[in-house]
There are 4 protein chains.
Amino acid sequence: MSNDFQQTLITARRNLILDAAIEVIAQHGFQRTSIKQIAKHAGVADGTIYNYFKNKDELLHALVKRLTEPEAINLQQAQQQQLDPQVFLATEVQEQMRQMQSQFDVFRAIIPETIVDATLARSLYDGIYQPVFEIAECYLKQLMDQGKLPTGDPRVMARLLIAPSMGLLLMRLMGDDHIETAWESYQEAVLKTLTRTFLGDSDED
Amino acid sequence: MSNDFQQTLITARRNLILDAAIEVIAQHGFQRTSIKQIAKHAGVADGTIYNYFKNKDELLHALVKRLTEPEAINLQQAQQQQLDPQVFLATEVQEQMRQMQSQFDVFRAIIPETIVDATLARSLYDGIYQPVFEIAECYLKQLMDQGKLPTGDPRVMARLLIAPSMGLLLMRLMGDDHIETAWESYQEAVLKTLTRTFLGDSDED
Amino acid sequence: MSNDFQQTLITARRNLILDAAIEVIAQHGFQRTSIKQIAKHAGVADGTIYNYFKNKDELLHALVKRLTEPEAINLQQAQQQQLDPQVFLATEVQEQMRQMQSQFDVFRAIIPETIVDATLARSLYDGIYQPVFEIAECYLKQLMDQGKLPTGDPRVMARLLIAPSMGLLLMRLMGDDHIETAWESYQEAVLKTLTRTFLGDSDED
Amino acid sequence: MSNDFQQTLITARRNLILDAAIEVIAQHGFQRTSIKQIAKHAGVADGTIYNYFKNKDELLHALVKRLTEPEAINLQQAQQQQLDPQVFLATEVQEQMRQMQSQFDVFRAIIPETIVDATLARSLYDGIYQPVFEIAECYLKQLMDQGKLPTGDPRVMARLLIAPSMGLLLMRLMGDDHIETAWESYQEAVLKTLTRTFLGDSDED
DNA sequence: TATGAATGAGAATTCATTCAT
DNA sequence: AATGAATGAATTCTCATTCAT
């Protein structure tokens, strides 16, 4: 009883620290952010952070984990339904870009380290992109088999499906103001181009 | 005379250090790479590096500068010629991806810091992407005016032109093996999809 | 009544903690052992330890105290009896070495700190060695007066009486396997040499 | 040339740091002594110490090494000469106790950690005591074979040879003032008792 | 009384930078 | 110009101790 409550408190505090960490790290970068800064921002003592995370690196891994875990659900649903190609594409892309938008600071905090630390990269990759690839590859194969798509390497095509949004993310991370400001327009635009690319010259406005 | 020779020597040594820096930084990341490591890899003493660069950060800026300066040439050429749209696209994309391939380690070294340091990002952006955007935007406007392209925001479209290769770069940086291995196939594939997107269902090889 | 019972409980728990402390400290050394480790080993919470000991150092002093207090009895007995020299020697040495054997972990826990902390050293010295010295000095003087022993400084001789067993203890603490394994043989051997030294070329079994 | 000189300087500074370390550590104990204290005492910056020793523990190992290396010479000599038993004993004991006296602070610094850290103990043991034991055991066997000594386990006897001086060292480490003050008398006294023990009721003063 | 999360002082260690040679 | 030892600020992390529950 009190145990459950305790657990809730602990989880809450853990998340508090993670949220604080995201903000500061997104601003200054992981390596340039000290535990002291994170602690101060979270309103706790330095040592407290070590009650929740084994070390500074673990904090980053926890960020990746928190990012990858709950979102997975959305994908599973997409997988189970036998979707109309158009809907499939839309769902997939929208979901990707919606997450990039809502979790932008997390990506900003994580991605630079991800490029530098293979373990972290693998963690993020396995958590977010691998599943998408698998679904996409599977789906694309179906389309090819049904003759709705010209034959090609599904691995390549799956990656091309993700590439535009990833590219926009990277450019935004590198400070592209227009992408930052007009993210939603890009969301639409990407969907449009992908539709055209993968489903032929479709009829749209 | 002796002065010129001196200058050449100095430039050579500077580049020696930069090349060493790229290798080590690409492997371990900028923050995790110490001046000592770079110096050792370059075969000079720690202090020597400070004869060529004001401080560690300057080294990174020098990398960006060296990356942006000579390559600009390729773009200028593209700009001056009144190109056939198909050729324009091909040239642009190929050039982008060729550079990403040949300078991969530089990108690996630079980009994580770029995401974290706005000044650096600006430097890279202004040096590499802004010019491309300007040319592309300008070119796309022409196409629209000529009715060869449906109307749309040229800023968005220009960025969509770059996005796929940027996305592939990011995924490769994050350790995607297939992209690393089959970069050339992706180069072709990107060109194909962009052609289809921007120039309609074109005739492919 | 309930008070007495309470007191017993408290003493029991105190000893529980001390016993746990001995085990962990003997294994890792006092400074390298954290309160957390001791608490865990004792099956109590960190804070609980502070209900029984003012601070970490007090725990060590308590160990010394517990070691010195009850054992004193054995000495008193030795003192009161007018012993045959041979028996005196035997009793004294056996008792020393028996205690070293049975309380080895305590010595292992205490002695390193004892060397470093004068107060602690004094505590142990006054509790264990001083009394022995006093008895021994007194006894040796008697023997000299009776001409049974060549004249000499009783302080020196008393210390020489203890030195061999102390030396063996130290060597064992430093990891001498043979001494650890064959402690009993050493007990005999020490007795034999001391007999020869202090009581002349005696008749041995 | 300049290289040799450099090397000398480096060795000198290393020894400067070691000497400073001995003084401070002997006073407060290794764990309670911070690198800062040692650096201050040595008149160098904190970081400088890490130019000479990989970490704090290495400093301790260096102390042991410096203690064990040069002294070994004395033993080798003893080994090669076919000594008169009396002379052998005297040399051995004197050497031991002379070293304990002259290097007392080193022992004070080292021994507590030695008890707590098996690796360190092994290092000291192998460096100082093992050689003595080997020589002594070998020598004692000879004596036994020649019938000059009653038969017994040479391992035990060798250790009994060392035990008294070790015991005195320990007692002195634990703050025994008389031993500290009258070390030389103890040196003589130990020799006398060992002579009596191992060589029979010898004729002396 | 017992608990164990929070605290923050203090320790070891790293490393960019300087500067005497 | 090149060197590399010295520096000390800054960082991560530990852990004795406290205190609200």
Side-chain angles (χ1 to χ4, degrees), chain A residues 2-3 5-6 9-10 13-14 17 31-40 42-59, chain B residues 6 9-10 13 17 31-40 42-59, chain C residues 6 9-10 13 17 31-40 42-59, chain D residues 2-3 5-6 9-10 13-14 17 31-40 42-59:
Chain A
S2 157
N3 216 359
F5 180 62
Q6 278 292 320
L9 267 187
I10 287 178
R13 198 159 252 246
R14 215 184 111 99
I17 293 173
Q31 303 274 3
R32 302 195 200 251
T33 302
S34 68
I35 287 287
K36 220 176 198 70
Q37 281 174 284
I38 296 172
K40 198 170 189 179
V44 300
D46 302 16
T48 304
I49 292 186
Y50 291 88
N51 289 337
Y52 293 89
F53 306 95
K54 220 179 74 191
N55 53 42
K56 202 187 168 193
D57 281 342
E58 274 305 303
L59 215 155
Chain B
Q6 282 290 321
L9 266 187
I10 288 179
R13 199 158 249 237
I17 293 172
Q31 301 277 359
R32 298 192 204 254
T33 301
S34 66
I35 287 286
K36 212 175 204 73
Q37 279 174 284
I38 296 172
K40 197 172 186 178
V44 301
D46 304 14
T48 304
I49 290 185
Y50 288 85
N51 289 333
Y52 295 90
F53 306 95
K54 217 182 76 192
N55 55 40
K56 201 187 168 193
D57 282 342
E58 274 307 303
L59 221 154
Chain C
Q6 282 290 322
L9 265 187
I10 289 179
R13 198 158 249 236
I17 293 172
Q31 302 277 1
R32 300 191 202 254
T33 302
S34 66
I35 287 286
K36 211 174 205 72
Q37 278 174 285
I38 297 171
K40 196 172 187 179
V44 300
D46 305 13
T48 305
I49 290 185
Y50 289 84
N51 289 333
Y52 295 90
F53 306 94
K54 217 182 75 192
N55 53 40
K56 201 186 169 194
D57 282 342
E58 273 307 303
L59 219 154
Chain D
S2 157
N3 216 0
F5 181 60
Q6 278 292 321
L9 267 186
I10 287 178
R13 198 159 251 247
R14 215 184 112 99
I17 293 172
Q31 303 275 3
R32 300 196 201 250
T33 302
S34 67
I35 287 288
K36 218 177 198 68
Q37 280 174 285
I38 296 173
K40 198 171 189 178
V44 299
D46 302 15
T48 304
I49 291 185
Y50 291 87
N51 290 336
Y52 294 90
F53 305 96
K54 218 179 75 191
N55 53 42
K56 203 186 167 193
D57 281 343
E58 274 306 301
L59 215 155

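Please read these numbers as outputs of a predicted model, since none were measured by experiment. Numbers restart at 1 for each chain; the letters A, B, ... are given by sequence-line order, proteins then strands.
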In this structure, which stretches of DNA chain F are paired as stems of three or more consecutive Watson-Crick or G-U pairs, both distances less than 3.5 Å?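 Stems for DNA chain F, defined as runs of 3 or more consecutive pairs: E:2-21 with F:2-21.
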
DNA chain F: 5'-proximal contact among C:Lys54 and A:Asn55 (nearest heavy atom):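 Looking at DNA chain F, the more 5' nearest nucleotide goes with A:Asn55.
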
Please lay out, stage by stage, how D:Leu59 and D:Lys54 fare under the test side-chain contact (heavy atoms from CB on, under 4.5 Å). CA-CA 8 Å; D:Leu59 215 155; D:Lys54 218 179 75 191; over 6 Å; no

Would you name the heavy atoms of [X] and [Y] that are closest together and state the gap between them?
| X | Y | result |
| --- | --- | --- |
| D:Arg13 | D:Val44 | NH1-CG1, 3.7 Å |
| D:Lys56 | D:Thr33 | NZ-O, 2.7 Å |
| D:Ile38 | D:Ile49 | CG2-CD1, 3.8 Å |

List the residues meeting side chain to side chain contact (heavy atoms under 4.5 Å, CB included) with A:Gln31, not counting sequence neighbours, and say none if there are none.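 Counting only residues at least two positions away or on another chain, A:Gln31 forms a side chain to side chain contact (heavy atoms under 4.5 Å, CB included) with A:Glu113, B:Gln31, B:Arg32.
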
Within the sub-3.5 Å range, which N or O atoms of nucleotides 7-9 of chain E have a protein N or O partner, and how far apart are they?
unit_1	atom_1	unit_2	atom_2	d
E:dT7	OP2	A:Ala45	N	3.1
E:dT7	OP2	A:Thr48	OG1	2.6
E:dG8	N7	A:Gly47	N	3.4

First contact, last contact: which nucleotides of DNA chain F are these for chain C, 5' to 3', heavy-atom distance under 4.0 Å?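 Result: F:dA16 to F:dT18.
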
Could you state the atom-to-atom distance from CD1 of C:Ile17 to P of E:dT1 in whole Å?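 For the pair C:Ile17 CD1 and E:dT1 P, the rounded distance is 12 Å.
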
In whole angstroms, how far is the C1' atom of E:dA11 from the NZ atom of D:Lys56?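 After rounding, the reported distance stands at 8 Å.
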
How far apart are the C-alpha atoms of A:Glu58 and A:Asn55, what are their side-chain angles, what is the distance that settles it, and do they pass the side-chain contact (heavy atoms from CB on, under 4.5 Å) test? CA-CA 5 Å; A:Glu58 274 305 303; A:Asn55 53 42; 3.6 Å; yes

side-chain contact (heavy atoms from CB on, under 4.5 Å) assessment of A:Ile10 paired with A:Tyr52: CA-CA 8 Å; A:Ile10 287 178; A:Tyr52 293 89; 3.8 Å; yes

How do A:Tyr52 and B:Tyr50 order along DNA chain E: which one's closest nucleotide is nearer the 5' end?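 Looking at DNA chain E, the more 5' nearest nucleotide goes with A:Tyr52.
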
Nucleic acid contacts - residues 31-39 of chain D versus DNA chain E, non-hydrogen atoms under 4.0 Å: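 Correct list: D:Thr33, D:Ser34, D:Ile35.
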
Who passes salt bridge (charged side-chain N to carboxylate O under 4.0 Å, His left out) against A:Lys40, sequence neighbours left out?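 A:Lys40: no salt bridge (charged side-chain N to carboxylate O under 4.0 Å, His left out) contacts found.
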
